[in-house]
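A, B, ... follow the sequence lines: proteins, then strands. Residue 1 opens every chain.
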Number of protein chains: 2
Amino acid sequence: MKEGPDIAQIGALIGDPARANMLTALMGGKALTATELAAAGGITVQTASTHLARLEAGQLLSQRKQGRHRYFTLADDAVGKLLENIMGFAAGRGHLRHQPGPKEPALRKARICYDHLAGDFGVRMLDSLVAKGAIDAVGEGLALTGKGESALQCIGIDVGDLKSSRRPLCRSCLDWSERRAHLAGSLGKALLSNFFDKGWARRTAGSRSVIFSPEGERQFLALFPVDAN
Amino acid sequence: MKEGPDIAQIGALIGDPARANMLTALMGGKALTATELAAAGGITVQTASTHLARLEAGQLLSQRKQGRHRYFTLADDAVGKLLENIMGFAAGRGHLRHQPGPKEPALRKARICYDHLAGDFGVRMLDSLVAKGAIDAVGEGLALTGKGESALQCIGIDVGDLKSSRRPLCRSCLDWSERRAHLAGSLGKALLSNFFDKGWARRTAGSRSVIFSPEGERQFLALFPVDAN
DNA sequence: ACGATACTTCGACCGTAACCGAAGCATGCC
DNA sequence: GGCATGCTTCGGTTACGGTCGAAGTATCGT
């Protein structure tokens, strides 16, 4: 029997609650230390250490030693994509964790998906870009138009720079809370950092959620209108 | 911490080798009985039964009782897509199972991915359709052109029927062996059954691989040429 | 009705791995 | 050097889940 690649191995890696929580925490895009990840997983540092070693051996994580800290990140964006995929699937099945905590709404509104914007705001942004004709949506795929390129130039994003990278410019990424696509790829990343740079929004300490300032939110909503229909 | 959907739960479901093997077997698209799945997983029927119950509770599988048999299938194509996703990821990391058995080449050449054609032949078919202008590839997405629609009509596939279904017509699906896209969606399914109907190819008993007859292969290669460049 | 087949449930066993306390390295700071 | 901090390794405990034999339930064939 035994056909094809070994999905059990990575399934098992993701299948432990502590590890899953640590991976989820790393979806925030920031590099985290072993101690921070231990807190995220709800376990002691010793236990976290062995988990992290396993995850690194399985090539889901990579670590960078810096002074007496060890910073862990997801190995690459393929890992991030895989995790968001699984999250989308899990959310679709109603496999949510029952924790109606106060953070949940903020998370649904705007959060980081590895390195780009997700949640209600992420979906709205993509919708608006498509409606404006800045991005062509064909089937599941996305492509930046000439019109879109110049529009982005005005916001302060040089698409030429992004094009030179090996990473695809536009990707669609399934949003687990909205169950619709939002914008990933190097352009998605550039847009999010643009918002940070402008002071429209900021990351939160221990969470994936993104907080918009009142003024930032106003600007964002104006820039990405959604046509009432 | 605990943010977002519970990925650990489904990770754990996929993370057991026996369950992973059973799920992989079901990627062949056929409904299988508990006994067949036990063999696929390399375990006894008792053990398989408990595993299957778990998988069903987790909504990865659905069963249909028929006489004294119970036929299991993947719950829906979202499950198939998820599994192929993970396979692609695992293959990319070199997490292959070391089993250089004789079946491997056949599997790489042509196999079933839930309900459509994958492997070398699957990738070739999509490449050829795109080269011909039958399908537009924009970014990651696929869209059938008018030209493609009439071409399919000639082969004996009525696209109108497919369009009425809720399921998307064209999807791209990452091929774990070729690491490139092949055609999924209802059109992918229709094409594969078309090949079966014509007698060009047939399923194999205990495997996902698809065997083309000499004549069928000739026709297939003629229909989907790949331009030497 | 009886036996055979397909599958599930029960009970018991066992192994793995998750877990933490304590000790061991490594690095930084004074 | 001496001490604090960050992390890993070791040792030992514990518990969960995977496993199968045996028994129980359902369905088919004759």
Between C1' of D:dT8 and CZ of A:Arg70, the distance in whole Å
8 Å

Between A:Phe72 and B:Lys65, which has a closest nucleotide on DNA chain D that is more 5'?
A:Phe72

Does OP1 or OP2 of C:dA18 have a side-chain N or O of A:Arg19 closer than 4.0 Å?
yes

Ring geometry between B:Phe212 and B:Phe195 (parallel below 30°, tilted from 30 to 60°, perpendicular above 60°)
tilted

Between P on C:dT27 and CZ on A:Arg68, what's the gap in Å once rounded to a whole number?
11 Å

Side-chain N or O of A:Thr47 versus OP1/OP2 of C:dC20: is the shortest distance under 4.0 Å?
yes

For A:Thr44 and A:Gln46: C-alpha separation, side-chain torsions, deciding distance, then whether side chain to side chain donor-acceptor pair (under 3.5 Å) applies.
CA-CA 5 Å; A:Thr44 62; A:Gln46 308 93 294; 3.1 Å; yes

Please tell me which of B:Gln46 and A:Ala53 maps to the more 5' nucleotide of DNA chain D, matching each residue to the nucleotide holding its nearest heavy atom.
A:Ala53

Is the shortest side-chain N/O distance from B:Thr44 to OP1 or OP2 of D:dC20 below 4.0 Å?
yes

Measure the distance from OH on A:Tyr71 to P on C:dT27 and round it to the nearest whole Å.
15 Å

Protein-nucleotide distance (A:Gln63, atom CD; C:dT27, atom P), rounded to Å
13 Å

Looking at C:dT8, C:dA18, D:dT8, which one has an atom nearest to any side-chain atom of B:Ser49?
C:dT8

Starting at atom CD of A:Glu56, determine the distance to atom P of D:dT8, rounded to an integer number of angstrom.
9 Å

Whole-Å distance, A:Arg54 CZ to C:dC19 C1', equals 13 Å

Taking atom P of D:dG18 as reference, at what distance in whole Å does atom CG of B:Leu52 sit?
12 Å

Quick check: do B:Leu83 and B:Leu74 have side-chain heavy atoms less than 4.5 Å from each other?
yes

Heavy-atom nearest nucleotide on DNA chain C for A:Gln66 versus A:Asp16: which residue maps closer to 5'?
A:Asp16

Who are the salt bridge (Lys or Arg N to Asp or Glu O under 4.0 Å) partners of B:Lys163, not counting sequence neighbours?
B:Glu149

Do B:Lys198 and B:Asn194 have a side chain donor and acceptor closer than 3.5 Å?
yes

Are A:His51 and C:dC19 close enough that a side-chain N or O sits under 4.0 Å from OP1 or OP2?
yes

Atom pair distance, as rounded to whole Å: NE2 in A:His69 and P in C:dT27
13 Å

